[in-house]
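Just follow the structure's listing: the first ligand is 1, and inside any ligand the first atom is 1. This is a predicted model, so every value here is computed, not measured. No hydrogens, no waters, no symmetry mates; every other heavy atom, side chains included, goes into these values.
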Amino acid sequence: MIPFGDPSASYQAHKSEIDQAIKRVLDSGWYVLGTEVDAFEKEFASFHGKDFHAVGVANGTDAIALCLRGIGLGTRDEVITPSHTAVATVAGIEQAGCTPVFADIDPITRCISPKSIEKRLGTNTRAIMPVHIYGQPAAMHRILEIAQAYDLMVVEDCSQAHGAEIDGQKVGTFADISAYSCYPTKNLGGTGDGGVILCRSKEFAEKIKSLRQYGWNKARESIIPGFNSRLDELQAAILRVKLKYLADDNDKRRAIALRYNAAFKDLPITLPSLVENELHAMHLYVIECDRRNELMEYLRSHQIGASLHYPLAVHQHAAYANRISGGDALPVTEQFYQRNLTLPMFPELSNDAVEHIISTIQNWFREKN
Ligand SMILES: Cc1ncc(COP(=O)(O)O)c(C=O)c1O
């Protein structure tokens, strides 16, 4: 079966460097928050430009919660976000004690719709959390205008978009603070859980460093109520290796996406939009079509691991149904979830596999339509 993503291929592609990094950490005898985490934070920050600070944390959900706690949000503070995202986005907002409010998505970008954000603004709105879903940058310029007009914070969820750009500027650098997951399947993924927060303010980075470890100051006195959300040295060392190849790997993903898009352009399929002024990180390649369950089964019967991201929007999960404001008025999201289908996408996907996927989809449309 050709998987839709393949973290083991990423390990094999950089095996000797990763093995050396692991050995270095094991030999050092220091396993949590040490020199590898420090170095990863510096390298991740400078990957985004010279004015940034990064803080490694335990996972992307914590990164979201810590961003919101770090800016002082909590009970009754509303955060507008899409329902079309990983459940983790909303879990992170609630973990911080905030109240998520769902906005609809734009049908082209599949990211949060600025028009829908405006409809959700209320007296308790404090922040907007766009998600660069599948690696597609959200409409950051418009979102920042809305935030400025209504005095709101913006926290970008970049968990699926490491290295994506708008007009040459990396996502994660538009808002004042941004959250990333480094879960193994991500474009920048370790071999376990991991996350990062990116910000412009050194003071804010210091606050997050305190929050991630019991609210400690340098003397290990808890000066604010904190958490345990530490990044371990093994993950940091592995992420340092992967970071060196991130831009190249994203290019490989985009090259595959361009081949898919060219091959499918005359089929009755909605394709991911690849526009000139943006670098799509192409974390997932997601099409939309009628009878998608039939096509998914057909692909699986031809050894192609087609999948759904996601089977349900967040407001359709039992844990969130009928209790999150905005969840009853998401027509574009609802429509999308009847038609979405994820095809294999990872930098090491072979030419033969891409050809097989393309010809199988073309055959299905010839045979069944
Ligand atoms: C959009 C999005 N936000 C947040 C997360 C949370 O990341 P983690 O699984 O590392 O907690 C993920 C990853 O699953 C994600 O895809």
Open item on the list: Given the ring of Phe47, does Lys170 sit roughly above its face, with NZ or CZ under 6.0 Å from the centre of the six-membered ring and within 45° of the axis?
Closed with: yes
TODO: Please determine which of Ile64, Thr81, Ile71 meets the side chain to side chain contact (heavy atoms under 4.5 Å, CB included) test together with Val155.
DONE: Ile71
- [ ] Considering heavy atoms of the protein only, find what lies nearest to atom 4 (C) of ligand 1 and give residue, atom and distance to 0.1 Å.
- [x] Ser159 OG, 3.3 Å
TODO: Look at Lys209 together with Glu41 and state whether they make a salt bridge at an N to O cut-off of under 4.0 Å.
DONE: yes
TODO: Go through ligand 1 atom by atom and flag the ones less than 4.0 Å from a non-hydrogen atom of Asn59.
DONE: 10 (O), 11 (O)
Open item on the list: Using a 3.5 Å cut-off on N or O atoms only, is Ser181 in polar contact with ligand 1?
Closed with: yes
TODO: Write down the atom of Glu348, the atom of Asp6, and the distance for their closest heavy-atom approach.
DONE: OE1-O, 4.5 Å
Open item on the list: Looking at Tyr180, is its backbone amide N or carbonyl O close enough to the side chain of Asp157 to form a donor-acceptor pair, meaning the two atoms are under 3.5 Å apart?
Closed with: no
Open item on the list: I need the nearest protein heavy-atom contact for atom 13 (C) of ligand 1: residue, atom name and distance, please.
Closed with: Lys186 NZ, 2.8 Å
Task: Heavy-atom nearest neighbour in the protein, as seen from atom 3 (N) of ligand 1, with distance rounded to 0.1 Å - done: Asp157 OD2, 2.7 Å
Task: Atoms of ligand 1, numbered as shown, that sit under 4.0 Å from any heavy atom of Val131 - done: 1 (C)
- [ ] Could you tell me whether Gly60 and ligand 1 have an N or O pair separated by under 3.5 Å?
- [x] yes
- [ ] Do me a favour and list the nearest non-hydrogen protein atom to atom 5 (C) of ligand 1 with residue, atom name and distance?
- [x] Ala88 CB, 3.4 Å
- [ ] For Tyr214 and Glu221, test the side chains for any donor-to-acceptor distance below 3.5 angstrom and give the result as yes or no.
- [x] no
Open item on the list: To check you understand the geometry: which heavy-atom pair defines the closest contact between Thr173 and Leu198, and what is its length?
Closed with: CG2-CD2, 4.2 Å
TODO: Give a yes/no verdict on whether any heavy atom in His132 is under 4.0 Å from an atom of ligand 1.
DONE: no
Open item on the list: Assess whether a salt bridge exists between Glu36 and Arg24, defined as any Lys/Arg side-chain N lying under 4.0 Å from an Asp/Glu carboxylate O.
Closed with: yes
Open item on the list: Using a 4.0 Å cut-off to any heavy atom of Gln160, which atoms of ligand 1 qualify?
Closed with: 1 (C), 16 (O)
TODO: With heavy atoms of Thr85 as the reference, note each atom of ligand 1 found under 4.0 Å away.
DONE: 1 (C)
Open item on the list: Does only the side chain of Thr61 get under 4.0 Å from ligand 1, or the backbone, or both, or neither? Count heavy atoms.
Closed with: both
